[in-house]
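Chain identifiers are assigned alphabetically (A, B, ...) following the order of the sequence lines, protein sequences preceding nucleic acid strands; residue numbering begins at 1 within each chain.
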Amino acid sequence: DAGITQSPRHKVTETGTPVTLRCHQTENHRYMYWYRQDPGHGLRLIHYSYGVKDTDKGEVSDGYSVSRSKTEDFLLTLESATSSQTSVYFCAISAGTGTNYGYTFGSGTRLTVV
Amino acid sequence: AQTVTQSQPEMSVQEAETVTLSCTYDTSENNYYLFWYKQPPSRQMILVIRQEAYKQQNATENRFSVNFQKAAKSFSLKISDSQLGDTAMYFCAFMKRGGNTPLVFGKGTRLSVIA
C-alpha cells in the first residue's frame, strides 16, 4: 500500500484564522485528492491534483485553496476558517491499473473551527 | 455528472446473519469502476471490493460479494456471516475509467452488527 500521511490528525482553530493541512505520500503517485466528510453527505471532493502545480476544483472548493510544489506533498489551505468548515478531511491517492486500481486514503484530519 | 445514491442511512443485522446494502448510480458512461469502502470507528477508509463495469461476473472477496446490475445501474453489497467487526459506515463509490476522474461517493450506510 502507498504510504500516505496526513498532518495534523486533530486541530482546533478559531474563526477567521488560516489553516493548512498537509498530505504526504512516499510512492511518487501522480494523482492526489482532498475530500471532506460530513454526516449525511458522505465524502465530497474539494480539490485534486494531477501533477506538480496542476490542480483542479472539486464539488465543494469554495473557501479552500491547494498547492502542490512537490510530487509527494499536497497542501490544503483554508484562508479564513469558518464554522461551516468544521469537518473531517481526507487525503487520497489513486494507484494501480485494471483489477488493482483503487484509492488509498490517509487517516484523516478532524478540524474544528470555533 | 455522476451521482451515487445509498437509500438506507442505517441498517442492523444479527451476528452470523446476511445483510445486503443497496447502491444505485446514475451515469451515461459505459466504462467505469464501482467500489465499496468500509469506515470503522477508527475513521480509516478501507477498500472492501471493486467491480469493473465491463466485467459481467460479480466481484467477491471472502464474505463480501456484490450484485452488479449494469442495465439497472445497481451495485449492492452482500455481507455473509456478519461479524461484530463489520460494524462500520459503508460507502458506495463510482469512478469513470480513464483520465483519473475523481471518485464520487454516496452518502453512506451505517451498519450495526448485533451480538
Count the heavy atoms belonging to other residues, nucleotides or ligands that lie under 6.0 Å from [atom1] of [X], then report whether that count exceeds 12.
| X | atom1 | result |
| --- | --- | --- |
| K70(B) | NZ | yes |
| K107(B) | NZ | no |
| N31(B) | CG | yes |

Using the rule that two of Ile, Leu, Val, Met, Phe, Trp, Tyr join whenever any of their side-chain heavy atoms come within less than 4.5 Å, decide whether [X] and [Y] are in one cluster.
| X | Y | value |
| --- | --- | --- |
| F94(B) | L103(B) | no |
| W36(B) | V19(B) | yes |
| Y37(B) | L34(B) | no |
| V113(A) | Y89(A) | yes |
| V104(B) | I49(B) | yes |

> Which pair of heavy atoms, one from G42(A) and one from F91(B), lies closest together, and at what distance?
Replying inline: CA-CE2, 3.6 Å

> Which pair of non-hydrogen atoms, one from S107(A) and one from Q44(B), has the smallest distance, and what is that distance?
Replying inline: OG-OE1, 3.3 Å

> Can you tell if the side chain of F105(A) reaches within under 4.5 Å of the side chain of Q39(B), non-hydrogen atoms only?
Replying inline: no

>> Taking the side chain as everything from C-beta on, heavy atoms only, tell me whether F90(A) gets closer than 4.5 Å to R43(B).
In response: yes

> In residues 56-65 of chain A, which residues are in contact with chain B at a heavy-atom separation under 4.5 Å?
Replying inline: none

>> Counting only non-hydrogen atoms closer than 4.5 Å, does R50(B) touch chain A with its backbone (N, CA, C, O), its side chain (CB onward), both, or neither?
In response: side chain

> Once you round to the nearest 0.5 Å, how far does OH of Y31(A) lie from OG1 of T101(B)?
Replying inline: 9.5 Å

> What part of R44(A) is in contact with chain B, defined as an atom under 4.5 angstrom from a non-hydrogen atom: side chain, backbone, both or neither?
Replying inline: neither

> Which bit of L45(A) comes within less than 4.5 Å of chain B, counting heavy atoms only: side chain, backbone, both or neither?
Replying inline: side chain

>> Taking the ring of Y35(A) and the ring of F105(B), is the distance between their centroids below 6.0 Å?
In response: yes

>> Walk me through whether M95(B) and Y103(A) qualify under side-chain contact (heavy atoms from CB on, under 4.5 Å).
In response: CA-CA 10 Å; M95(B) 198 195 78; Y103(A) 277 38; 3.9 Å; yes

